[in-house]
Amino acid sequence: MKVIIAEKPSVARAIAHVLGISGTQDGYIGNIHSENGTVVSWAIGHLVTLAMPEDYGFPGFKRENLPLLPEPFQLIPRQTKKGKEHIPDAGALKQLNVIKELFDKCDEIIAATDAGREGELIFRLIYDYLKCHKPFKRLWISSLTDKAIKNGFENLKNGSEFDNLYHCARSRAEADWLVGINASQALSITAGSGVYSLGRVQTPTLAMICKRYLEHKNFQIKTYYQLQIETEVGRKSLRMLSDIRFQDKVSGQEALEVVRRNKLEILEADTQSLREEPPLLYDLTGLQKDANKRLNLSAEETLGIVQSLYEKKFISYPRTGSRYISEDIWEEIPALVETLLIYAPLKEQAKILLKNRPIKRAVNDLKVSDHHALLITDNTVSGLSAKEESIYKLIASRMLETFSAPCQKEVTTLKAKSREFLFSARGVDVIEGGWRSVNGLFDNENSEEPEVSLPYVEKGEKYTVHSTTLLEKQTKPKPLHTEATLLSAMEKAGSEIENEDERKAMKESGIGTPATRASIIETLFSRDYIERRKKSLVPTAKGLRVYEAVKEKRIADVSMTGMWENTLTKIENGEMPAETFNKSIAIYAKQITDELLTMDFTPDEKELLICPKCQKTSVKLFEKVAKCTDEACDWLLFRNICGKTLSVEDVKAILADKKSPLLKGLKSKAGKTFDTYIVLKEDGSTGFEFPPRTKRNRKT
């Protein structure tokens with residue numbers, strides 16, 4: 001019997017359909033009693049994870065336990081939280097038992113989890129946890145179309161070919177554990193109260209956001225003035241801007257009077273032909289950036305949408321870091337373009353491309369690693385949600401752009417003078433739209449070309465100035481990070497590093513990976529380190545405190561993190577043994593732990609309130625609870641009650657007056673809303689006190 005392990009039930013069903021396997025059972029598809037048959041099971045994501053500190057006998061946050069350096073790391077079933085404890089997830093345990101039974105009975109195993117670093121890790125952790133030693137094969141495909149699945153099973157690879165990918169994935173997971181667990185516990189111990197989170201990639205990313213925010217906040221705005229003049233050439237207006245920036249209004253007004261009384265002489269009229277090559281295809285990060293700029297979708301939302309489109313067989317494997325395709329995929333491009341002939345939003349653009357023949361662009365075997373760039377499949381789209389439709393259109397239109405002809409433009413630069421004052425203007429005339437015609441000539445937000453056509457003039461010609469304006473302008477700071485610009489910063493992290501060797505080492509890696517950057521940003525939100533202000537990302541007070549505390553520490557070093565990403569890639573490529581990286585991470589974890597345990601860190605000073613139980617001034621307000629900080633006292637008040645979060649004023653009133661203000665709009669377990677007071681009882685516990693019912697509310 002063969003057993004195939006997919007990553008999700010939906011993928012297992014797709015594989016079973018293509019292979020003609022039927023009979024849905026509890027945890028698998030197929031007949032387990034057929035000796036020569038094949039069954040398909042699934043993982044439901046990470047069924048097995050790295051054990052937590054308490055599993056090694058180190059519960060709680062204790063200085064004497066740090067650093068925690070498991071040797072070897074233990075594996076446990078996925079955990080779920082019950083109260084304050086973590087217990088094995090019942091669903092994970094059940095599915096692991098199913099897979100164990102299948103492994104015990106089978107003659108052949110086929111790993112069919114997603115073809116990438118994370119998918120490889122999901123399968124291998126299950127395989128290792130179950131102590132399976134049977135050889136296995138690997139299904140490696142870039143889309144879930146019937147054709148791709150059939151071809152994949154006809155060309156199964158030996159599982160050992162992906163050992164380096166697994167070692168890379170396991171090393172990354174263990175590194176994140178070592179740095180995250182030790183740094184978080186060390187900072188929390190140093191702070192003395194509250195729980196703080198630090199991470200190998202998370203903290204340098206927070207540092208990027210905080211640094212940009214502080215630069216923006218502390219930027220000294222300066223006012224300056226520029227002259228704008230307008231003349232007429234033929235019947236067309238020509239508007240030019242002064243090269244000089246006047247620092248005060250008076251000198252600007254004086255210059256304006258001079259220019260007003262004199263003619264404008266053309267010093268230079270230079271027109272050059274420009275060939276603008278099409279953009280490369282999307283990788284995941286590139287798509288997430290454009291989806292954030294154009295559709296206001298978060299990186300995490302976009303990742304969820306593309307994963308859905310992949311599982312619906314409409315796009316290729318999304319978690320790719322490549323913007324190129326291989327020669328064999330190039331042969332399929334005309335057929336993919338033909339698929340769009342019945343896709344209304346892009347059918348005309350597809351017709352044009354097929355008529356003109358696709359241009360060989362973004363084809364490079366050497367720049368395709370595990371997966372090629374994002375492409376649509378030859379399946380006709382249907383039944384998409386509005387957001388899925390928007391993302392699909394982005395991917396499809398980028399494919400059309402990439403294989404269209406270059407955009408041919410003429411760029412004109414004009415220089416002129418009026419007395420001693422110099423003026424400039426720049427214009428663009430599109431000769432052949434090429435790839436820019438797919439989405440409109442200047443719809444690409446990365447374009448800095450103004451859609452302005454200048455009138456024809458010749459050097460030496462003079463013109464009467466028709467109007468002059470003194471424009472008041474202000475210098476601007478770098479804009480706050482959005483998710484799009486943060487993704488770019490993570491991708492290009494290290495570009496500002498002074499050391500040339502370090503900069504080169506990071507050039508191809510950045511920090512994080514296309515598959516993990518979205519989750520890193522979401523982690524910063526969940527830790528209450530950053531928040532959104534419209535589209536901008538800004539640090540919270542808590543995030544800034546953490547940044548100020550660790551900005552000079554190793555944990556926040558972007559270059560170190562980036563070089564590790566580079567090292568992980570070398571492990572994946574077989575250029576470095578995983579043990580070398582693992583040893584360096586263990587040393588680093590000890591260093592940052594020592595740094596954090598010996599530093600000064602002043603947590604947010606919260607007003608202390610009187611504890612109703614021990615009567616000491618020792619109650620602190622935290623995000624989710626109000627708690628007595630005296631170790632001998634266990635008084636605690638949860639701030640979220642029936643869907644309503646108690647404000648600082650509410651808690652103060654409960655402690656001082658034994659009763660909160662009237663809280664409105666609470667929800668019962670039955671989903672009904674009600675109003676109530678929270679009252680403090682003699683023993684320190686709390687209860688409800690309902691307001692008197694009015695006549696209007698009484699039942700008659």
Side-chain angles (χ1 to χ4, degrees), residues 49-74 76 79 81 83-86 173-204 206-207 523 526-529 541-557 560-561 582-606 608 611 614 616-636:
T49 63
L50 297 177
M52 297 306 288
E54 50 267 29
D55 298 304
Y56 298 98
F58 298 112
F61 288 29
K62 296 182 180 179
R63 184 182 293 266
E64 59 269 22
N65 291 340
L66 301 183
L68 296 165
L69 304 171
E71 185 58 48
F73 274 89
Q74 297 175 17
I76 58 173
Q79 304 286 289
K81 197 166 185 179
K84 293 184 177 181
E85 295 183 348
H86 285 86
E174 291 181 0
D176 286 343
W177 192 102
L178 286 170
V179 176
I181 295 291
N182 284 293
S184 298
Q185 289 203 12
L187 180 58
S188 299
I189 290 167
T190 300
S193 63
V195 176
Y196 292 86
S197 170
L198 298 176
R200 183 180 64 87
V201 182
Q202 168 193 325
T203 305
L206 173 64
T523 296
S526 67
R527 303 298 189 213
D528 192 31
Y529 285 169
K542 183 179 181 182
L544 279 173
R545 283 197 307 280
V546 172
Y547 168 69
E548 291 294 343
V550 304
K551 65 182 179 183
E552 304 298 333
K553 309 296 182 188
R554 288 179 174 86
I555 187 70
D557 189 344
M560 180 75 77
T561 307
N582 296 344
K583 287 177 182 177
S584 69
I585 286 287
I587 293 169
Y588 171 79
K590 186 179 186 309
Q591 290 173 337
I592 61 168
T593 301
D594 291 342
E595 275 188 341
L596 294 169
L597 285 174
T598 56
M599 74 175 192
D600 293 324
F601 178 63
T602 304
D604 186 27
E605 289 298 330
K606 294 182 172 69
L608 290 175
C611 175
C614 67
K616 294 180 181 178
T617 308
S618 53
V619 171
K620 269 192 175 182
L621 268 67
F622 298 95
E623 183 182 356
K624 296 181 179 179
V625 297
K627 180 182 178 183
C628 181
T629 58
D630 189 326
E631 292 184 4
C633 181
D634 60 357
W635 186 83
L636 181 73

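Nothing here was measured: the structure is a model prediction, and the numbers come from that model.
The two residues Ile189 and Lys62 have their closest heavy-atom pair at CD1-C, 3.7 Å. Taking each heavy atom of Leu178 and Leu68 in turn, the nearest pair found is CD2-O, 3.5 Å. Listed here is the closest heavy atom pair of Pro204 and Gly199: CD-O, 3.8 Å. Residue Arg545 comes nearest to Tyr196 through the heavy atom pair NH2-OH, 4.1 Å, listed as atom of the first residue, atom of the second, then distance. Shown here for Val619 and Ala626, the closest heavy-atom pair between the two residues is CG1-CB, 4.3 Å. Of all the heavy atoms in Ala173 and Leu50, the pair that sits closest is O-CD1, 3.7 Å.
Scanning for side-chain hydrogen bond (donor to acceptor under 3.5 Å, both in side chains) contacts around Glu548 gives Lys551, with sequence neighbours left out. Applying the ring pair (Phe, Tyr, Trp, His ring centres under 6.0 Å) rule to Tyr56 yields no partners; only residues at least two apart in sequence or on another chain are considered. By the ring pair (Phe, Tyr, Trp, His ring centres under 6.0 Å) test, Trp635 pairs with no residue at all, sequence neighbours left out. Residues satisfying the salt bridge (Lys or Arg N to Asp or Glu O under 4.0 Å) criterion with Asp557, sequence neighbours excluded, are absent altogether.
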| request: Any chance you could lay out the side-chain contact (heavy atoms from CB on, under 4.5 Å) test for Thr203 and Val179, step after step, and finish with the verdict? | output: CA-CA 10 Å; Thr203 305; Val179 176; over 6 Å; no
| said: Pair Lys616, Cys633 - check side-chain contact (heavy atoms from CB on, under 4.5 Å), show working. | reply: CA-CA 10 Å; Lys616 294 180 181 178; Cys633 181; over 6 Å; no
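A donor-acceptor pair under 3.5 Å is absent between the side-chain atoms of Thr561 and the main chain of Val201, judged by distance alone.
In this structure, CD in Gln185 is found 12.0 Å from CZ in Arg63, a value given to the nearest 0.5 Å. Distance check: Asp176 CG to Ile585 CD1 gives 8.5 Å after rounding to the nearest 0.5 Å. Note that the OH atom of Tyr529 and the CG atom of Leu206 stand 7.5 Å from one another [nearest 0.5 Å]. In this structure, NE2 on His86 lies 9.0 Å from CD1 on Ile76, to the nearest 0.5 angstrom. Once rounded to the nearest 0.5 Å, the distance linking CE of Met599 with CD of Glu552 reads 12.0 Å. To the nearest 0.5 Å, atom CD of residue Glu71 and atom CD of residue Glu174 are 8.5 Å apart.
Legend: salt bridge (Lys or Arg N to Asp or Glu O under 4.0 Å) pairs involving residues 184-198, not counting sequence neighbours: none detected.
In this structure the side chain of Asn65 never reaches within 4.5 angstrom of the side chain of Pro53, judged on heavy atoms. The closest side-chain heavy-atom distance from Met52 to Trp177 is below 4.5 Å.
Residue Lys542 qualifies as enclosed at atom NZ: its count of foreign heavy atoms under 6.0 Å is above 12.
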Side chains of residues 586-597: which donor-acceptor partners sit under 3.5 Å, not counting sequence neighbours?
{"residue": "Tyr588", "atom": "OH", "partner": "Arg554", "partner atom": "O", "Å": "2.9"}
{"residue": "Tyr588", "atom": "OH", "partner": "Ile555", "partner atom": "N", "Å": "3.3"}
{"residue": "Lys590", "atom": "NZ", "partner": "Asp594", "partner atom": "OD2", "Å": "3.2"}
{"residue": "Thr593", "atom": "OG1", "partner": "Ala589", "partner atom": "O", "Å": "2.6"}
{"residue": "Glu595", "atom": "OE1", "partner": "Arg554", "partner atom": "N", "Å": "3.3"}
{"residue": "Glu595", "atom": "OE2", "partner": "Arg554", "partner atom": "NH1", "Å": "2.8"}

